[in-house]
Engineer: 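Have a look at this one before I ask anything.
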Amino acid sequence: MCFVDLEKAFDHVPRGILWEVLWEYGVRGPLLRAVRSLYNRSRSLVCIASCLDLQHALGHFAAECEAAGMRVSTSKSEAMVLDRKKVACMLQVGGEVLPQVEEFKYLGVLFTSEGRMDCEIDRRIGAAAAVMRSMYQSVVVKKELSRKAKLSIYQSIYVPTLTYGHELWVMTERVRSRIQAAKMSFLRRVAGHSLRDRVRSSVTREELGVEPLLLHIERGQLRWLGHLFRMPPGHLPGEVFCACPTGKRPRGRPRTCWRDYVFRLAWERLGVPPEELEKVTREREVWA
């Protein structure tokens, strides 16, 4: 896997060609003007079978960029191998070797070479804690601020920070416990409680009129499952979801993959067996 960044892409991308393609696809008028006003820059991620194939594709990509007056930024582009063991993958662009990393943050989500989301969940919990610390005196414990205003900030700032990218989490008991603790650390202070008061979390939620955060996370995961089943053939997320990996598993207990987890979630929460999921999720209004 290689994360590629282009040098000065904002100034060198051939925008005229992009607008022509959008016009051919029927994007015109106010919508096209809106896209043009918001257009910033683009990054691409390509998955290829071997390091040799990836090097060939990377060289071809760099050549095409050079032809269009753009260059790959070797100082910002990095390579990463998805494997439990450390595997070297020497990728070069213009004679310069790209650094190989163990983790990479892409679109705000931290990906690791081991394929785990534990580090990303830790980052989310840490980011939410930082948000609470920054608002502690001015919002969370401020007596002049109404409880309704505090809960509005909780829903609009704290929860999105804590649960960003939750659709692809595998909710183990450990993760559930940590998310629950992070949520209640905010809500207890809003309600004016502390751990010494020994007030149950369910009582605090009922007092504040807040639904369980785990329910919000599971609803988002099932909604994403419906999107995957409804995707037209050829779309990468749907292809990856339906793919069956080949090769030999390492020794030890297999990891719980997201597909098995969300299938079990649909069965436990909705009573829908895996063999009927594709049919049921086709009805967007019902599934949503």
Side-chain angles (χ1 to χ4, degrees), residues 1 45 47 49 82-84 106-125 128 155 159-184 200-202 205-206 209-288:
M1 182 180 295
L45 180 150
C47 294
L82 293 176
D83 200 300
R84 296 189 184 186
Y106 182 74
L107 297 180
V109 177
L110 185 69
F111 293 92
T112 65
S113 58
E114 293 185 349
R116 292 181 176 273
M117 297 298 293
D118 301 54
C119 294
E120 170 58 17
I121 295 174
D122 291 342
R123 286 184 64 252
R124 292 290 102 211
I125 294 175
Q155 294 287 357
V159 171
T161 301
L162 178 60
T163 62
Y164 180 78
H166 69 271
E167 291 84 357
L168 298 181
W169 293 355
V170 175
M171 299 296 292
T172 62
E173 289 302 322
R174 177 178 177 272
V175 172
R176 288 174 178 272
S177 177
R178 298 192 64 202
I179 295 296
Q180 177 81 353
K183 177 199 69 172
M184 292 308 303
R200 287 182 174 273
S201 299
S202 57
R205 288 198 306 268
E206 291 178 5
V210 178
E211 73 169 6
L213 186 58
L214 297 179
L215 181 62
H216 166 76
I217 292 175
E218 292 176 352
R219 189 184 299 121
Q221 292 173 334
L222 292 173
R223 188 183 303 114
W224 176 242
L225 176 65
H227 289 322
L228 290 173
F229 273 120
R230 291 191 298 269
M231 280 185 181
H235 281 60
L236 183 59
E239 295 291 332
V240 172
F241 175 70
C242 297
C244 295
T246 59
K248 185 179 180 180
R249 288 183 179 272
R251 296 180 62 182
R253 179 183 176 184
R255 295 179 186 173
T256 301
C257 67
W258 186 84
R259 180 169 53 186
D260 294 339
Y261 158 75
V262 77
F263 280 179
R264 185 176 68 250
L265 181 65
W267 170 249
E268 293 176 351
R269 298 293 185 267
L270 306 176
V272 181
E275 58 271 13
E276 297 181 10
L277 275 173
E278 185 172 3
K279 178 182 178 182
V280 175
T281 55
R282 294 293 179 184
E283 303 178 12
R284 180 190 293 267
E285 293 77 11
V286 177
W287 186 257

Engineer: Mind listing the closest non-hydrogen atom pair of W169 and Q221 along with its distance?
Structural biologist: O-NE2, 2.9 Å
Engineer: Where is the tightest heavy-atom contact between E167 and G220, given as atom of each residue plus distance?
Structural biologist: CG-O, 3.6 Å
Engineer: Of all the heavy-atom pairs spanning L110 and C119, show the shortest one and how long it is.
Structural biologist: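 What the structure gives for the nearest pair is CD2-CB, 3.8 Å.
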Engineer: Measuring from M231:CE to C242:SG, what's the distance to the nearest 0.5 Å?
Structural biologist: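 So the CE of M231 and the SG of C242 are separated by 10.5 Å.
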Engineer: Of K183, E211, Q155, which meets side-chain contact (heavy atoms from CB on, under 4.5 Å) against H216?
Structural biologist: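 Only one of K183, E211, Q155 forms a side-chain contact (heavy atoms from CB on, under 4.5 Å) with H216, namely E211.
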Engineer: Please tell me if the side chains of V175 and V170 come closer than 4.5 Å, counting only heavy atoms from C-beta onward.
Structural biologist: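 Sidechains of V170 and V175: no contact.
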Engineer: For F229 and F241, run side chain to side chain contact (heavy atoms under 4.5 Å, CB included): C-alpha distance rounded to whole Å, both residues' side-chain angles, the deciding distance at 0.1 Å, then the answer.
Structural biologist: CA-CA 9 Å; F229 273 120; F241 175 70; 3.9 Å; yes
Engineer: How about H227 and R284: do any of their side-chain heavy atoms sit closer than 4.5 Å?
Structural biologist: yes
Engineer: Nearest 0.5 Å please: distance from the CH2 atom of W258 over to the CG atom of L225.
Structural biologist: 5.0 Å
Engineer: Check step by step if side chain to side chain contact (heavy atoms under 4.5 Å, CB included) holds for E218 and E268.
Structural biologist: CA-CA 11 Å; E218 292 176 352; E268 293 176 351; over 6 Å; no
Engineer: Rounded to the nearest 0.5 Å, what's the gap from CZ on R124 to OG1 on T163? Could you check?
Structural biologist: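 It is 8.5 Å, given to the nearest 0.5 Å.
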Engineer: Give, for atom CG of L277 and atom CZ of R259, the distance between the pair rounded to the nearest 0.5 Å.
Structural biologist: 12.0 Å
Engineer: Could you pull out the closest heavy-atom pair between F263 and P274, with the gap in Å?
Structural biologist: CD1-CB, 4.1 Å
Engineer: Looking at every non-hydrogen atom in both residues, tell me the closest pair between H166 and I217 and how far apart they are.
Structural biologist: CD2-O, 3.5 Å
Engineer: Can you tell if the side chain of V109 reaches within under 4.5 Å of the side chain of L168, non-hydrogen atoms only?
Structural biologist: no
Engineer: So which atom in W287 and which in V280 form the shortest heavy-atom distance, rounded to 0.1 Å?
Structural biologist: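 Reported closest heavy-atom pair: CE3-CG1, 3.8 Å.
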Engineer: Could you measure the distance from the CZ atom of R174 to the CZ atom of R178? Nearest 0.5 Å is fine.
Structural biologist: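 Here the rounded value is 5.0 Å.
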Engineer: What's the separation between atom CG in L265 and atom CZ in R219, rounded to the nearest 0.5 Å?
Structural biologist: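 With rounding to 0.5 Å, CG (L265) is 11.5 Å from CZ (R219).
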Engineer: Would R200 and E206 pass as an ion pair if we require N to O under 4.0 Å?
Structural biologist: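 E206 and R200: not salt-bridged.
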